[in-house]
Amino acid sequence: MKTVAVLDLVPATGLAFEPFAGGPSAFERSLAALRSLPGLERVVVLASGLEPPPGDYELVRRASWDVPAFIEALGAIAGDPMATGAPGLLVHAFGDQPFLDGAFASAMAASFERWKAEYLFADGWPEGFTAEFVKPRILMALSAIASREKLPFSRDALFLTVQKDINSFDVETEISRVDLRPWRFRAVCDTRRDFEASARLAAVGIVSAESVQDLLPAHEEVLRNRPAFIHVQVSGACPHACAYCPYPGFGGDVTARRDFMEASRFDAFMEKVAEFSGDAVVDLSLWGEPALHPDFGALAESVLSRPRLSLIVETSGAGWRPGVVEGIAERHADSGRIDWIVSLDETEADAYASLRGPGFAEAVAFAERLGSIFPGRVHAQAVRMRENELHLESFWRGWKEKGLDVIIQKYDAFAGRLPDRTVSDLAPLRRLPCRHLARDLVVVLDGSVLMCREVLAPGACPESAPLGNVFEDALEAIWAKGEAAWRAHVERKLPAICERCDEYHTWNA
């Protein structure tokens with residue numbers, strides 16, 4: 001069977017071309033893996049802004065890509081599937097996969113032919129070890145789906161397009177011997193964080209899709225690298241003293257507070273984040289209501305003016321001054337780097353008041369208005385607990401009908417400090433090291449960095465001693481101090497507060 005390999009550099013960065021683990025770059029390694037495919041006729045590289053090094057391959061370049069353009073390009077590469085000598089298989093992988101396994105790809109190609117599949121993918125491995133396989137004859141149908149659905153371009157664009165009408169195609173799956181999805185590892189060299197984590201993976205002897213299945217669970221220490229999610233408290237004030245929130249318990253009269261993080265100090269902190277993490281998601285506000293910050297527009301600009309940072313705004317929907325949201329939208333509505341989460345929890349004013357307090361109408365109106373200003377980037381959120389369990393279906397349906405995404409968030413008792421309102425236990429059977437210790441940087445108003453959100457505030461518990469201060473200390477030094485708590489989790493020697501906490505398996509954006 002004639003095969004054409006497509007090596008995709010569209011979402012890649014310059015890290016794809018840097019030497020990896022003391023040897024060839026991720027691009028060179030992934031290219032070599034595809035060249036080992038049986039029946040390979042040619043290799044085509046897709047690119048946008050990057051200029052790959054010269055080589056024995058065809059180059060297809062576009063200034064910008066979306067899913068229809070991507071599938072159209074695959075169709076052009078494959079040509080007429082009914083023509084004599086047309087390829088029977090397209091193999092798609094990315095040019096920043098240093099662990100792309102050529103032997104495994106060849107085995108999958110044989111499975112593709114044996115099963116007479118039209119689309120084949122691998123499931124259970126970390127991202128970066130496998131390719132996907134498609135029969136050229138289905139590309140015309142996929143192109144029609146992509147044009148209709150208007151999916152955003154992403155690394156899983158081909159899979160998501162097939163998924164939209166999955167029963168129309170013969171789809172097969174290669175399933176891993178060990179399910180590695182709970183580790184959420186990315187063996188891809190597109191960010192400095194994942195580049196370094198992948199190098200650490202190589203250092204423990206992982207060289208193939210087979211070896212990673214045993215070695216990754218045995219070397220969980222590689223999962224912690226640079227911070228990816230930055231929780232920042234920018235406002236001490238909050239319009240609500242919610243019944244299920246610990247903040248009123250340690251923050252004093254939060255409805256009367258008016259303290260905030262100065263915009264200039266926040267901006268200096270964002271510069272440190274951009275330099276140390278490279279890319280990161282910045283979430284405002286850890287405690288308190290971001291709308292009550294006197295210069296929230298400047299905070300948003302500090303994040304979004306740095307192209308590798310993204311912003312999440314968690315708000316009650318109350319207290320927003322006229323023009324603030326619109327001003328942000330004028331500059332950044334089309335950036336794709338800002339998401340809004342409006343915490344509503346309930347569908348009726350009385351039930352809302354019992355959980356959160358007054359302001360239901362204002363919050364609902366804000367969420368609706370926000371949805372029209374930032375279409376597709378606004379999420380209505382409800383914390384799932386006994387008090388609102390019966391209303392969650394109507395909450396979900398109601399906001400979906402209004403065009404908003406819906407988040408049903410797990411209830412957090414904050415290591416037993418709050419009453420247990422849990423409806424169901426979502427924890428995995430085997431405890432994993434805490435995701436938040438591996439990925440999150442938690443910063444309160446004065447710049448102090450906490451071990452995690454669950455410790456609440458400096459001095460609130462034995463584990464709450466600050467790791468440092470972002471206004472005074474280097475982020476490298478602060479992050480290094482958090483390594484001890486992470487190692488304790490890897491060795492299953494948990495601090496007291498962690499023994500009582502069930503947030504370890506949850507994952508921030």
Side-chain angles (χ1 to χ4, degrees), residues 231-248 251 253-258 260 283-294 296-297 299-300 311-329 333 338-412 418 421 509:
H231 253 313
V232 192
Q233 181 187 17
V234 295
S235 173
C238 193
H240 299 133
C242 298
Y244 62 88
C245 177
Y247 187 43
D253 185 358
V254 298
T255 61
R257 290 178 60 163
R258 292 296 178 265
F260 58 90
D283 184 295
L284 310 177
S285 171
L286 171 61
W287 307 115
E289 170 55 58
L292 301 180
H293 191 285
F296 183 81
L299 304 185
L311 177 63
I312 292 178
V313 183
E314 295 195 58
T315 175
S316 66
W320 287 93
R321 297 183 305 282
V324 173
V325 169
E326 290 78 3
I328 297 170
I338 179 168
D339 285 272
W340 301 79
I341 299 174
V342 187
S343 297
L344 295 164
D345 298 315
E346 269 292 356
T347 57
E348 300 173 2
D350 289 345
Y352 177 95
S354 68
L355 287 176
R356 304 186 61 87
F360 178 72
E362 179 186 1
V364 169
F366 177 79
E368 292 173 344
R369 180 167 63 90
L370 197 62
S372 65
I373 299 172
F374 290 90
R377 312 299 301 194
V378 183
H379 314 265
Q381 178 172 280
V383 176
R384 185 186 182 192
M385 46 194 152
R386 295 169 189 167
E387 288 83 347
N388 65 355
E389 173 71 3
L390 295 178
H391 300 164
L392 287 184
E393 183 176 352
S394 60
F395 181 93
W396 189 89
R397 291 183 183 276
W399 285 107
K400 279 290 186 181
E401 289 172 0
K402 294 179 180 180
L404 269 65
D405 288 332
V406 177
I407 297 173
I408 305 299
Q409 188 181 45
K410 170 190 166 295
Y411 174 74
D412 183 4
L418 297 179
R421 297 179 169 93

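If you're wondering where the values come from, they're calculated on a predicted model, not measured in any experiment.
- With sequence neighbours excluded, the residues satisfying side chain to side chain contact (heavy atoms under 4.5 Å, CB included) with Ala382 are Asp345, Asn388, Leu392, Phe395, Ile408.
- Using a 4.5 Å heavy-atom threshold, the side chains of Leu355 and Met385 count as touching.
- Using a 4.5 Å cut-off on side-chain heavy atoms (C-beta onward), His240 and Tyr352 make contact.
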> Does the side-chain contact (heavy atoms from CB on, under 4.5 Å) test come out yes or no for Lys400 and Asp405, once each step is laid out?
Replying inline: CA-CA 6 Å; Lys400 279 290 186 181; Asp405 288 332; 3.8 Å; yes

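- When all heavy atoms of Val324 and Gly297 are compared, the pair lying nearest together is CG1-N, 4.4 Å.
- In this structure, Val254 and Pro248 approach most closely via the heavy-atom pair CG1-CA, 4.1 Å.
- Although no hydrogens or angles enter the test, the distance criterion places a donor-acceptor pair under 3.5 Å between the side chain of Arg321 and the main chain of Pro294.
- For Asp350, the CG atom counts as loosely surrounded, since its 6.0 Å shell holds 12 or fewer non-hydrogen atoms of other residues, nucleotides or ligands.
- By the side-chain hydrogen bond (donor to acceptor under 3.5 Å, both in side chains) test, Glu289 is found to be paired with Thr315, Ser316, residues two or more places apart in sequence or in another chain being considered.
- When the shell of 6.0 Å around CZ of Arg397 is examined, it contains 12 or fewer heavy atoms from other residues, nucleotides or ligands.
- Remark: Ser354 pairs with no residue by the side chain to side chain contact (heavy atoms under 4.5 Å, CB included) rule, at least two apart or across chains.
- With contacts defined as side-chain heavy-atom distances shorter than 4.5 Å, the pair Glu389/Arg384 qualifies.
- When all heavy atoms are compared, the tightest approach of Ala237 to Leu292 is CB-CD1, 3.7 Å.
- Side-chain contact between Phe296 and Leu284: present, with at least one pair of heavy atoms (C-beta onward) separated by less than 4.5 Å.
- Under the rule for a side chain to side chain contact (heavy atoms under 4.5 Å, CB included), the partners of Arg377 that lie at least two apart in sequence or sit in another chain are Asp339, Phe374.
- From Ser372, atom OG reaches atom CG of Leu404 across 9.5 Å, with rounding to the nearest 0.5 Å.
- Taking CZ of Arg356 as the reference point, atom SG of Cys238 lies at 7.0 Å (rounded to 0.5 Å).
- Side-chain contact check for Thr255 versus Asp253: some heavy-atom pair is nearer than 4.5 Å.
- For the pair Pro246/Trp287, a side-chain contact is recorded, criterion being any heavy-atom separation below 4.5 Å from C-beta on.
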Check: residues 359-370 side-chain donor-acceptor pairs under 3.5 Å, at least two apart:
{"from": "Glu362", "atom 1": "OE2", "to": "Gly319", "atom 2": "N", "distance (Å)": "2.9"}
{"from": "Glu368", "atom 1": "OE2", "to": "Lys402", "atom 2": "NZ", "distance (Å)": "2.7"}
{"from": "Arg369", "atom 1": "NH1", "to": "Glu326", "atom 2": "OE2", "distance (Å)": "2.5"}

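- The two residues Gly251 and Arg257 make their nearest non-hydrogen contact at O-NH1, 3.0 Å.
- The side chain to side chain contact (heavy atoms under 4.5 Å, CB included) search around Gln381 returns Glu314, Ile341, Ser343, Ile407, Gln409, not counting sequence neighbours.
- For the residue pair Leu344 and Ala380, the shortest heavy atom distance occurs at CD1-CB, 4.1 Å.
- In this structure, Arg421 CZ and Asp412 CG are separated by 11.5 Å, a value rounded to the nearest 0.5 Å.
- Contact record, Pro239 with Ala318: CG-CB, 4.0 Å, taken as the closest heavy-atom pair.
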